[in-house]
Student: 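Take a look at the following structure, please.
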Amino acid sequence: MNRYQDIVGRINYILFLIIVFMLPFPQLPLRYACVAWFTVWVLEGRWLSKPTPVRQNKTAIPFILFGIWFVWQAVSYFWCADKIAWGVMMERHLTFALIVPVGIWGVNKHYNLRRIEKVFVAGCLTAIPAYLLWMAALFSHPEWESWLHLSEPLKYFDNWRAFLVENISLFKHRLFLCSVELFGAVMAIQIWHNKKWALVLTLPVMLSPIAFTSSRQSVLTLIAMTAVGIISMLPQAHRRLAGAGIVLVAIIAGGCMMMFHPRMQQFDLEQIQEMQNISYEHEHRLNIWAIALQNHEDYLAYGLGTGQSTNYLIDKYRQTGFDYYASMRFNAHNQYLEQLMELGIPGLLFFLLAWMSLPLCANGAAGKRTAWLFLTLYTFNMFTDIMFGMFCGIALWAVGMVIILLQSNELVSQEHIDAYLPS
């Protein structure tokens with residue numbers, strides 16, 4: 001029996017390593033790997049084996065809060081208009097319920113934090129040249145266009161970079177690719193914090209998607225994560241004052257960079273405050289947010305129900321003459337706004353509470369630092385995209401939660417923790 005339990009535990013761990021490596025790659029194989037991992041996790045749980053738990057009670061709190069948020073989504077079934085859309089989103093968000101036992105039961109003895117970090121970094125480093133070679137092959141073979149369903153025909157591109165930026169989302173949405181690579185950079189720094197030459201070789205590769213995709217949001221997220229990382233390395237007595245200065249510099253630097261971005265020339269504060277005179281000439285996200293907030297009384301109390309926000313917006317698009325938005329089925333492009341629309345103020349509060357508990361419940365310098373960086377990564381990216389609308393965003397969340405759990409638990413060696421304590 002013990003041998004059987006050991007085999008199941010090893011399978012659980014191997015599947016998790018596959019997920020970690022596949023994070024930067026297209027989400028279809030990632031979805032299958034996650035389903036297999038969760039299946040084996042439940043199999044390994046309290047029914048068929050007794051894994052050696054690696055946990056502390058406090059670290060389970062964020063997992064439980066995300067589970068409560070999932071329950072509120074399930075309860076919204078009773079007032080949602082489209083039951084099919086509710087079911088699709090609940091199936092996509094099932095991860096938030098299935099991972100609750102991970103936080104409560106802990107992980108088995110096979111889970112090796114350092115190996116997980118190395119596999120994650122290896123996946124991030126492998127993905128970049130793989131995507132570049134992939135795109136170069138597509139650009140040089142126009143005959144592949146008919147079966148690849150490119151977002152724009154090859155004839156519209158006069159250079160390879162423009163083609164790369166426009167079509168990389170065929171395989172990995174640019175924001176999610178940048179998000180995985182940013183978190184991979186955090187892992188690389190933790191692995192090689194004493195090997196500057198390794199960081200000089202790896203960090204430019206992992207941060208290159210931000211440059212070649214020109215992702216504005218990822219630039220701001222990188223600035224914010226850098227500021228948080230610097231603050232976390234400061235001695236406790238100096239963190240508040242120095243942290244305030246670093247945050248101020250980060251805000252000024254980010255603001256200056258955004259001011260010169262062509263799309264930000266479209267920003268009209270008075271128009272957005274009025275939430276009325278929206279036009280096609282303005283940035284799509286600003287239009288969508290203005291349309292969504294025009295009738296906020298429709299959903300503030302308890303929401304429209306899980307999975308209902310896009311259909312609601314489509315009706316509003318048609319009413320305001322934005323037929324193109326309706327045909328493209330544009331979602332809210334803001335995770336917080338989507339939560340407010342679908343689950344109302346109570347659901348949004350559950351969601352925010354679950355997130356804010358993550359760094360507060362982490363243990364040790366390494367666990368707390370990773371939790372703050374992970375929180376910063378998602379906090380900024382959720383302003384402009386639905387991070388939990390695609391499975392790759394959910395999978396990255398699950399992996400991040402497990403890594404923080406491992407860094408926080410008592411079986412991580414004191415030597416590994418001491419490496420991140422400020423001198």
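Here the structure is a predicted model, which means the values were calculated and not measured. Only heavy atoms go into these numbers, but all of them, side chains included; no hydrogens, no water, no symmetry mates. Residues take their numbers from the sequence shown, with the count starting at 1.
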Student: Hey, what do you get for CZ (Arg318) to OH (Tyr325), rounding to the nearest 0.5 Å?
Tutor: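 Output value for this atom pair is 15.0 Å.
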Student: Would a 4.5 Å heavy-atom cut-off, applied to side chains only, mark Leu337 and Leu293 as touching?
Tutor: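 Leu337 reaches Leu293 side chain to side chain.
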Student: Is the distance between the ring centroids of Phe96 and Phe388 less than 6.0 Å?
Tutor: yes
Student: From the options Phe351, Tyr302, Trp79, select the one residue that forms a ring-ring contact (aromatic ring centres under 6.0 Å, His included) with Trp72.
Tutor: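 With Trp72 as partner, ring-ring contact (aromatic ring centres under 6.0 Å, His included) holds for just one option, Trp79.
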Student: If you compare all heavy atoms of Met206 against all heavy atoms of Pro209, which two are closest, and at what distance to 0.1 Å?
Tutor: O-CD, 3.4 Å
Student: Looking only at non-hydrogen atoms, find the nearest pair between Thr221 and Phe380 and report the distance.
Tutor: OG1-CB, 3.4 Å
Student: Is a side-chain donor or acceptor of Asn112 paired with a backbone partner of Arg115 at a separation under 3.5 angstrom?
Tutor: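 Yes; at least one donor-acceptor contact below 3.5 Å.
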Student: Test: salt bridge (Lys or Arg N to Asp or Glu O under 4.0 Å). Region: residues 389-404. Which pairs qualify, not counting sequence neighbours?
Tutor: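 Checked against salt bridge (Lys or Arg N to Asp or Glu O under 4.0 Å) - neighbours excluded - no pair reaches residues 389-404.
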Student: Just wondering, are more than 12 heavy atoms of other shown residues or ligands nearer than 6.0 Å to NZ in Lys195?
Tutor: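 Atom NZ in Lys195 is not crowded, with 12 or fewer foreign heavy atoms closer than 6.0 Å.
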Student: Can you tell me if OH on Tyr336 sees more than 12 non-hydrogen neighbours from other groups inside 6.0 Å?
Tutor: yes
Student: Once rounded to the nearest 0.5 Å, what's the spacing between atom CD of Glu117 and atom CD of Gln190?
Tutor: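 Answer rounded to 0.5 Å: 5.0 Å.
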Student: From the options Val102, Thr59, Leu358, Leu396, select the one residue that forms a side chain to side chain contact (heavy atoms under 4.5 Å, CB included) with Met401.
Tutor: Leu358
Student: Closest heavy-atom contact between Lys368 and Ala362?
Tutor: NZ-O, 2.9 Å
Student: For residues Ala332 and Ile288, report the shortest heavy-atom separation together with the two atoms involved.
Tutor: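 That closest heavy-atom pairing would be O-CG2, 3.7 Å.
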Student: Under 6.0 Å from the six-membered ring centre of Phe25 and within 45° of its axis: does the NZ or CZ of Lys172 meet both?
Tutor: no
Student: State whether a side-chain donor-acceptor pair under 3.5 Å links Asn331 with His333.
Tutor: yes
Student: Under 3.5 Å, sequence neighbours excluded: what are the donor-acceptor pairs made by side chains of residues 177-187?
Tutor:
residue : atom : partner : partner atom : Å
Ser179  : OG   : Leu175  : O            : 2.7
Ser179  : OG   : Asn381  : ND2          : 2.7

Student: Going by side-chain hydrogen bond (donor to acceptor under 3.5 Å, both in side chains), name the pairs with one or both residues in residues 386-402, residues two or more places apart or in two chains.
Tutor: none
Student: Compare every heavy atom of Phe374 with every heavy atom of Gly400, then report the nearest pair and how far apart it is.
Tutor: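 Shortest heavy-atom contact: CA-CZ, 3.8 Å.
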Student: If you define the side chain from C-beta out and look only at heavy atoms, does anything of Trp355 sit under 4.5 Å from Met382?
Tutor: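 The answer is yes; the side chains approach within 4.5 Å.
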Student: Do the rings of Trp134 and Tyr131 sit parallel, tilted or perpendicular, given the 30° and 60° boundaries?
Tutor: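 Parallel, since the angle between the ring planes stays under 30°.
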Student: Hey, is NZ on Lys118 packed in by over 12 heavy atoms from elsewhere, all under 6.0 Å?
Tutor: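 It does not: Lys118 NZ has 12 such atoms or fewer within range.
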Student: Could you report the tightest heavy-atom contact between Phe322 and Asn287, atom names first, then the distance?
Tutor: CE2-ND2, 3.9 Å
